[in-house]
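Below, all heavy atoms of this structure are taken into account, side chains as well, without hydrogens, waters or symmetry copies. Position 1 is the first residue of the sequence, and the numbers go up from there.
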Amino acid sequence: MEIREILAVNLRKYRQARGLSQEELAHRADIDRTYVSALERCVYAAGIDVVDRIARVLGVEAADLLRRPSSSAAKPALHGKPANKD
């Protein structure tokens with residue numbers, strides 16, 4: 001799993017767990033909603049400052065957004081590609 005995929009999976013997981021829409025997260029982190037969407041779809045690689053702002057809004061450490069999910073966790077498909085099993 002590539003780092004962009006790890007960020008995407010964790011970002012979506014924490015955002016949904018907090019009950020935040022992409023729009024609300026973007027507003028609170030002072031970034032564009034379309035950028036949040038692009039991060040969740042692995043279109044862009046986020047800068048470290050953006051990762052920090054998003055983490056603060058979500059109430060987690062930036063490292064939590066970059067931590068590889070456990071191998072037992074289900075890995076959703078991104079970009080319409082089937083999830084790989086690494």
Side-chain angles (χ1 to χ4, degrees):
M1 185 180 263
E2 296 180 12
I3 193 69
R4 286 185 191 192
E5 292 173 307
I6 293 168
L7 175 63
V9 167
N10 289 330
L11 173 55
R12 185 176 299 113
K13 175 182 75 172
Y14 286 117
R15 179 181 61 76
Q16 291 176 341
R18 301 315 184 266
L20 295 174
S21 65
Q22 290 178 344
E23 185 173 15
E24 183 61 24
L25 173 61
H27 175 73
R28 292 182 187 186
D30 196 29
I31 57 178
D32 192 85
R33 186 214 47 90
T34 59
Y35 190 66
V36 173
S37 173
L39 291 176
E40 289 188 2
R41 292 179 290 117
C42 302
V43 174
Y44 297 134
I48 195 69
D49 293 329
V50 170
V51 172
D52 183 58
R53 289 199 321 250
I54 291 171
R56 288 173 189 263
V57 169
L58 295 174
V60 299
E61 295 293 325
D64 294 330
L65 292 175
L66 302 174
R67 187 165 288 117
R68 188 176 303 278
S70 65
S71 59
S72 62
K75 296 175 188 163
L78 301 171
H79 292 306
K81 295 186 239 175
N84 59 4
K85 301 193 190 302
D86 48 322

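In this structure, Arg41 CZ and Thr34 OG1 are separated by 8.5 Å, a value rounded to the nearest 0.5 Å. One finds the CD1 atom of Ile6 at 12.5 Å from the CZ atom of Arg4 (value rounded to the nearest 0.5 Å). Between atom CD of residue Glu2 and atom CZ of residue Arg68 there is a gap of 10.0 Å, rounded to the nearest 0.5 Å. Interatomic distance, CG of Asn10 versus CD1 of Ile54, reported as 12.0 Å (0.5 Å rounding). Annotation: the span from Cys42 atom SG to Leu11 atom CG amounts to 10.0 Å, rounded to 0.5 Å.
Within the structure, side-chain hydrogen bond (donor to acceptor under 3.5 Å, both in side chains) contacts touching residues 43-52 (residues at least two apart or in different chains) are Asp52-Arg56.
In this structure a side-chain-to-backbone donor-acceptor pair under 3.5 Å is missing from Asp64 to Ala55.
With sequence neighbours left out, Ser21 forms a side-chain hydrogen bond (donor to acceptor under 3.5 Å, both in side chains) with no residue at all. Residues passing the side-chain contact (heavy atoms from CB on, under 4.5 Å) test with Arg18 are Tyr14, Leu20, Leu58, Val60, sequence neighbours excluded. With sequence neighbours excluded, no residue forms a side-chain hydrogen bond (donor to acceptor under 3.5 Å, both in side chains) with Arg33. Annotation: side-chain contact (heavy atoms from CB on, under 4.5 Å) contacts of Ala46 (sequence neighbours excluded): Leu7, Tyr35, Leu39, Val50, Val51. Applying the side-chain hydrogen bond (donor to acceptor under 3.5 Å, both in side chains) criterion to Arg15, with sequence neighbours excluded, gives Glu40.
In this structure the side chain of Val36 reaches within 4.5 angstrom of the side chain of Ile31, judged on heavy atoms.
Annotation for Arg53 and Ala29: closest pair NE-O, 2.9 Å, computed over non-hydrogen atoms.
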